[in-house]
Amino acid sequence: MIAKYGEEQLKTGDLIVYTSGDSVLQIASNTAIIPLDELYRICKYVREITIDEYHIGRIIARPYVGKDKSEFKRTSDRHDFTLVPPNDTVLDMLGQAGFEVIGVGKTNDIFSGKGIDNKIHTESNDDGMTKTIEVAQTDFTGLCFTNLVDFDAMYGHRRDSEGYGKALAAFDERLGELLEILQADDLLLITADHGNDPGFKGTDHTREYVPLLAYSPSFSKGSSLGIRDTYADLGATILDNFELPNKTDGKSFLADLRRN
């Protein structure tokens, strides 16, 4: 395709622009043709012209490398140019109360940096777990919000069931390392923002129900939290964990966890 931005015109094939069922516009380029900084500049420009009228949620820079389709591979330099949250989020509420908020992986991009004190870039799921374990070993009081994007980008959308299974097994091993260093007053919540079944047809996200796992060394036993009415329950639970007032539409399940 031929893409224009500003008063410049690129050669055919330089940019791949596409969208999906989400409120996103994705722009991919081979960094051998368009350098990474230039791709970011293009995405920043598109972000500026799609805020007021179209209100697109995210403009995503998708850099890749390779000489032909047999070699094409996405790099870890993806960047999401998102809308700034219009109101305070749970992250802001934590910060206002004096708690530290650390974003590992894509988390900082999702919130446009709003409410995040320390952003940590990651290269992969494994790197994300390494950085999360390092954070857990430090003396801080607050929230570490980690996003592991490989499950979605590398396996779910690619419908790679075998790769997804191997990634889950690798994550399980790293999770074991994290569990060993958690303190009695730590609370670990594991979930996802959507389903992406690698065995389903097509390449879009699948299913709305996602897993929710909660753990603390202080728990004596486990039980089911059932199907939650809203994702906002997570935010309410996090606020409750830090003894802050619930300003979300969700209902905390912290009391249910502490009964275990």
Side-chain angles (χ1 to χ4, degrees), residues 47 51 57-58 79-123 125 127-149 171 174-193 210-220 222 225 228-260:
R47 171 72 287 169
I51 290 178
R58 288 179 292 158
H79 185 75
D80 292 38
F81 297 85
T82 57
L83 294 174
V84 176
N87 301 304
D88 284 350
T89 69
V90 168
L91 307 189
D92 296 300
M93 298 172 197
L94 289 172
Q96 291 160 7
F99 296 104
E100 185 177 1
V101 177
I102 300 172
V104 178
K106 197 179 70 172
T107 305
N108 184 74
D109 290 357
I110 295 172
F111 292 91
S112 291
K114 189 173 183 291
I116 295 177
D117 301 304
N118 182 15
K119 63 177 181 179
I120 301 176
H121 177 73
T122 60
E123 302 288 334
N125 277 1
D127 187 39
M129 288 303 297
T130 295
K131 300 291 175 55
T132 301
I133 291 169
E134 289 174 353
V135 170
Q137 291 172 323
T138 65
D139 183 19
F140 88 102
T141 302
L143 173 69
C144 176
F145 192 154
T146 298
N147 180 279
L148 303 178
V149 73
F171 166 72
R174 300 308 310 274
L175 178 60
E177 297 177 39
L178 177 61
L179 296 182
E180 289 180 358
I181 62 173
L182 292 181
Q183 303 299 310
D185 59 349
D186 287 336
L187 174 62
L188 174 66
L189 299 172
I190 302 176
T191 187
D193 56 341
V210 294
L212 170 59
L213 302 175
Y215 171 78
S216 173
S218 63
F219 295 168
S220 60
L225 291 170
R228 311 304 302 180
D229 291 331
T230 168
Y231 206 92
D233 287 0
L234 279 166
T237 302
I238 291 170
L239 290 174
D240 194 9
N241 182 69
F242 291 98
E243 300 181 348
L244 297 177
N246 181 17
K247 298 181 180 180
T248 76
D249 293 327
K251 181 180 179 181
S252 172
F253 48 82
L254 186 64
D256 295 328
L257 295 176
R258 287 176 172 169
R259 280 195 289 268
N260 291 334

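Model, not experiment: these values are computed from the prediction.
Separating the CG atom in Leu94 from the CZ atom in Phe145 is a distance of 11.0 Å, to the nearest 0.5 Å. For the atom pair NZ of Lys247 and CG of Asp88, the computed distance is 7.5 Å after rounding to the nearest 0.5 Å. Considering CG of Leu143 and CZ of Phe242, their distance stands at 6.0 Å, rounded to 0.5 Å. Here the straight-line distance linking atom OG1 of Thr107 with atom CD1 of Ile120 works out to 10.0 Å at 0.5 Å rounding. Put simply, CD1 on Ile102 and CD on Glu134 are 11.5 Å apart, with the number rounded to the nearest 0.5 Å. Between the CD1 atom of Ile110 and the CG atom of Asn147 there is a distance of 4.5 Å, given to the nearest 0.5 Å.
In Lys119, the NZ atom is not crowded: 12 or fewer heavy atoms of neighbouring residues, nucleotides or ligands sit closer than 6.0 Å. The 12-atom threshold is not exceeded at CD of Glu243, counting heavy atoms of other residues, nucleotides or ligands nearer than 6.0 Å. Crowding of Asp249 atom CG: a count of heavy atoms from other residues, nucleotides or ligands under 6.0 Å not exceeding 12.
Of all the heavy atoms in Asn125 and Val149, the pair that sits closest is OD1-N, 3.6 Å. In this structure, Leu178 and Ala136 approach most closely via the heavy-atom pair CD1-CB, 3.8 Å. For His121 against Asp127, the heavy-atom pair with the smallest separation is O-OD2, 4.1 Å. Nearest approach of Asp240 to Leu254, heavy atoms of both residues: OD2-CB, 3.5 Å. Considering all non-hydrogen atoms of both residues, Asp229 and Asp233 come closest at N-OD2, 4.0 Å. Shortest non-hydrogen contact noted between Leu244 and Ala97 is CD2-CB, 3.6 Å.
Counting only heavy atoms from C-beta outward, the side chains of Asn241 and Thr237 never approach each other to under 4.5 Å. Annotation: side chain of Leu234 is in contact with side chain of Phe253 (closest heavy-atom distance under 4.5 Å). Inter-residue side-chain proximity for Lys114 and Thr89 is flagged as unmet; no heavy-atom pair is nearer than 4.5 Å. Using a 4.5 Å heavy-atom cutoff, the side chains of Leu239 and Ser252 are not in contact. Annotation: side chain of Thr248 is not in contact with side chain of Thr230 (no heavy-atom distance under 4.5 Å).
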- Task: Evaluate side chain to side chain contact (heavy atoms under 4.5 Å, CB included) for Leu187 paired with Leu257, printing each intermediate quantity in order.
- Result: CA-CA 10 Å; Leu187 174 62; Leu257 295 176; 4.0 Å; yes

- Message: Go through it in stages, so that I can follow the logic: the residues are Gln137 and Ile181, the test is side chain to side chain contact (heavy atoms under 4.5 Å, CB included), and I'd like the CA-CA distance, side-chain angles, deciding distance and then a yes or no.
- Response: CA-CA 7 Å; Gln137 291 172 323; Ile181 62 173; 3.5 Å; yes

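Counted by atom type alone, Arg258 and Ser216 present zero donor-acceptor pairs between their side chains at under 3.5 Å.
Here the rule is side-chain contact (heavy atoms from CB on, under 4.5 Å) with Phe111, and of Leu91, Val84, Leu83 only Leu91 fits it. If you run side chain to side chain donor-acceptor pair (under 3.5 Å) between Arg58 and each of Thr82, Asp109, Asp80, only Asp80 comes through.
The pair Arg174-Glu177 meets the salt-bridge criterion, with a side-chain N (NZ, NE, NH1 or NH2) lying under 4.0 Å from an Asp/Glu carboxylate O.
Using modelled atom types, no side-chain atom of Thr146 and backbone atom of Thr132 make a donor-acceptor pair closer than 3.5 Å. Remark: side-chain polar atoms of Asn246 are paired, donor with acceptor, to backbone N or O of Gly250 under 3.5 angstrom.
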